[in-house]
Every structure is written in C-alpha cells, then in structure tokens.
Amino acid sequence: SSLFVYPTKLIIKTCGTTQLLKSVPPLMSFARDLGLSLCACRYTRGSFIFPKAQPFPHTSFKEEVFYLEQNLPVNLCYRKASVLPSKMAAHSWHVFAATTDRTYELVPVTFTMEICMTELDRVQARKFFRRANDGKNGDMAGGEMTQLTGINDINPSAIICDFAFDPCGYSMNGVDGDRYSTVHVTPEDGYSYASFECVGAIYDDHHDNIDKMLKKVVQVFKPATFSVSTTCSIDHDVWTHVAHAVEPLGWKCRSCVMDKFPAAGSVVFQTFTVGRR
Amino acid sequence: MAVSGFEGFEKRLELHFSGDDDPLVLHMGLRLLDFQSIQQVLDAVQCNVISAIGNQYFDAYVLSE
C-alpha cells in the first residue's frame with residue numbers, strides 16, 4: 001500500500017481488507033486545520049478477488065458510494081459513480097468522482113495509469129518470495145527484489161523506496177521529480193496479483209517512454225490477464241499507447257470502454273489477455 | 001468451500017484541496033501534516049507507515065498491508 005502527499009493533493013492506495021474510505025473524515029479534518037478545503041475526490045478500484053472478505057464500507061460498490069456520499073461535504077455537488085464493464089465478469093472498474101466545480105481542471109494536464117495484473121507468471125512471481133531466515137530486513141530484501149526483477153529499470157531515473165514483506169510480497173514507490181510511480185505485488189499462486197501505477201503529463205514529449213515503460217511492466221510480471229485504467233483530465237489518446245506497446249509482446253486487447261467523470265475527466269478501461277508468449 | 005487468500009486489488013482514493021493565499025499553505029499545504037496526524041488517518045484505514053521518502057515536490061510512504 002502507498003500514500004503520496006503533495007501540498008494540495010493526496011493519494012492513498014491500500015489492498016487487503018483495509019478500510020480505506022474511513023480515511024476521508026480525519027483527512028478532511030486535518031486539512032481544515034491547515035486552512036485547506038476539499039474540492040475534488042476520486043475513488044477507484046477493480047473487482048475484488050475475495051469480495052466477501054471485505055469489511056464495511058467496502059462490502060459493495062453501492063455501500064462505498066453511499067459512505068462517500070454521506071461523508072463528503074455538500075459543496076462537492078457534481079458527483080458520479082459508475083462501473084466500467086469488460087468482457088470478463090471478474091474484471092470491471094469502479095469509479096466514483098465528485099467535485100465542487102464542474103469545470104475543475106487539473107493543471108498541468110495529467111494522466112494516471114493504473115495497471116492491475118493477475119495470474120502472474122510463476123517464475124516471475126517466485127522472485128517476490130523471500131528465502132527463509134535470510135537475515136535481512138524488509139528494506140534490504142526489497143532492494144534486492146527491485147534489482148532481481150528489473151523493477152528498477154521501469155523508470156531508471158526514479159528514486160526508489162522499496163520493501164519486501166515476510167514471507168512474500170513487495171511494495172515500492174518511485175519518485176521522479178513531481179511524478180510518482182508505485183508497484184505492489186501479491187505473488188501467491190492461486191491469487192497472484194501485481195499492480196503498477198504512474199502519472200504523466202500529456203504534453204510531455206516522451207510518448208515513446210510510455211510505450212517502453214508499459215513493455216517493461218508487463219515483462220516483469222508476465223500476467224495472463226491485466227487491465228489498464230487511464231484517467232486523463234481532457235480527451236486525449238494516451239490510452240492508445242497501451243495496445244501499441246503490449247500487443248507485439250503477445251497480449252491482446254479484449255475490451256475497451258470509456259466514461260467521463262466530474263473532476264477526473266475521461267476514464268478509459270481496457271482489458272488484455274495473453275495470446276502467445 | 002470458498003478459499004480465501006490475500007486481496008491484492010487495491011482501493012485508491014485521490015483527494016484535491018484548495019487553500020487560501022497564505023504562501024505557506026500554497027507551498028507546503030498537506031505536507032505540513034505531522035507524522036502523528038498521518039498515523040491517526042492510517043489507524044482508521046488499519047495500516048501503518050513502514051518506509052518513507054520525499055523530495056521538494058511530495059512525500060511518498062510505503063504502507064503495511
């Protein structure tokens with residue numbers, strides 16, 4: 001799990017049975033003490049593998065939306081909740097967004113890419129298990145996994161903060177100027193999962209870099225299935241880079257849907273499955 | 001019988017705030033939150049900070065779970 005704190009923006013991403021939305025009331029309270037007021041909110045997630053294990057308020061998307069509706073200030077009145085489907089029933093993308101101002105725009109114009117990978121290649125997944133009694137702490141073991149798996153090569157200019165859990169699992173945050181990236185891995189066979197998330201600016205002259213980055217991400221984990229959600233504050237074709245990057249490597253786009261949300265802009269949700277390796 | 005394992009799929013929340021024209025708020029804003037306040041927020045979520053890094057733009061925390 002990860003937390004990123006900017007002067008006027010906060011991103012928190014947690015897995016397992018954490019009660020993420022319960023962070024909203026205390027965050028608003030602490031922010032108010034600093035003279036800050038909430039002006040936009042976006043909540044996203046994929047489809048849980050074990051939905052019945054989730055505690056309140058994450059027992060269903062309906063419950064999550066209800067909780068947010070009850071806990072956000074009334075002036076965040078432009079609100080929308082939607083589930084973006086795919087051809088695979090177990091893979092859909094849940095989005096809730098709210099803002100005080102329908103014309104609220106993120107400046108500079110940025111995109112967020114969230115990749116959720118399942119059924120990881122077993123050889124690759126094994127690299128995220130620690131050796132018993134390795135005598136290392138989580139930071140040291142994490143650093144080794146970062147090197148061994150090639151995660152350090154996804155964005156070579158990022159400063160990486162990584163951690164390996166015992167007996168398995170891995171988390172890392174990458175810091176590159178004002179941009180973050182993050183990787184989380186649950187390698188156990190039967191419910192293996194890895195995520196990658198990054199932000200970028202659409203006016204960057206680095207679209208080749210997006211392609212290279214996407215190729216590296218899928219090659220680190222070699223998932224049988226993955227989804228990519230691209231959120232962009234304006235209509236832009238940044239999402240088209242995903243298929244362009246991964247289809248030559250053997251993954252095929254199975255579905256692609258788009259929807260628009262207040263303060264978030266357009267969200268494009270794509271799913272991919274492996275065709276050949 | 002349903003077999004349950006660790007849930008990998010994350011929940012993600014992004015919050016944007018606006019402040020007054022106080023240069024300090026504009027410059028640092030939420031980054032002025034002390035560690036105790038951050039931990040109080042994380043207590044509600046049920047996780048902890050296990051590693052941290054930061055630069056002139058933002059702070060990044062790796063969390064348990």
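The sequence lines fix the lettering, A, B, ..., with proteins before strands; numbering per chain opens at 1.
- Residue with the most contacts toward chain B among Pro26(A), Cys116(A), Gly16(A): Gly16(A) (heavy-atom pairs, distance under 4.5 Å).
- Of the atoms belonging to His58(A), it is side-chain heavy atoms, and not backbone ones, that fall under 4.5 Å from chain B.
- Aromatic ring pairs are classed by plane angle as parallel below 30°, tilted from 30° to 60° and perpendicular above 60°; the pair Phe61(A) and Tyr43(A) is parallel.
- In Phe56(A), the CZ atom is crowded: over 12 heavy atoms of neighbouring residues, nucleotides or ligands sit closer than 6.0 Å.
- Most heavy-atom pairs under 4.5 Å with chain B: of the set Val185(A), Thr182(A), Thr186(A), Asn173(A), this distinction falls to Asn173(A).
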Original post:
Going through the distances and angles, do Phe4(A) and Tyr180(A) end up as a ring-ring contact (aromatic ring centres under 6.0 Å, His included)?
Top reply: CA-CA 8 Å; Phe4(A) 301 102; Tyr180(A) 71 84; 4.2 Å; yes

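- Of the listed residues (Gly177(A), Gly174(A), Pro51(A), Ala97(A)), the one with the most heavy-atom contacts under 4.5 Å to chain B is Gly177(A).
- Between Tyr191(A) and Ile49(A), the closest heavy-atom pair is O-CD1, 4.1 Å.
- Chain A forms the most heavy-atom pairs under 4.5 Å with one residue out of Glu10(B), Arg31(B), Gln46(B), Lys11(B), and that residue is Lys11(B).
- With a threshold of 4.5 angstrom between heavy atoms, Tyr6(A) approaches chain B through its backbone and through its side chain.
- Per-residue counts of heavy-atom pairs under 4.5 Å with chain B were compared for Ala31(A), Ala53(A), Ala98(A), Pro25(A); the largest is that of Ala31(A).
- When Phe96(A), Tyr193(A), Phe30(A), Phe48(A) are compared by the number of non-hydrogen pairs under 4.5 Å with chain B, Tyr193(A) comes out ahead.
- Proximity to chain B is absent for every atom of Ser29(A), based on heavy atoms less than 4.5 angstrom apart.
- Side chain to side chain, His91(A) and Thr271(A) fail the donor-acceptor criterion of an N or O pair below 3.5 Å.
- Ranking Arg45(A), Lys52(A), Gln54(A), Glu188(A) against chain B, the residue ahead of the rest is Gln54(A), based on heavy-atom pairs under 4.5 Å.
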**OP:** Evaluate the criterion side-chain contact (heavy atoms from CB on, under 4.5 Å) for residue pair Glu197(A) and Thr112(A); output intermediate values, then yes/no.
**Re:** CA-CA 7 Å; Glu197(A) 177 180 331; Thr112(A) 307; 3.8 Å; yes

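- In terms of modelled atom types and a separation under 3.5 Å, the side chain of Ser192(A) and the main chain of Leu120(A) share a donor-acceptor contact.
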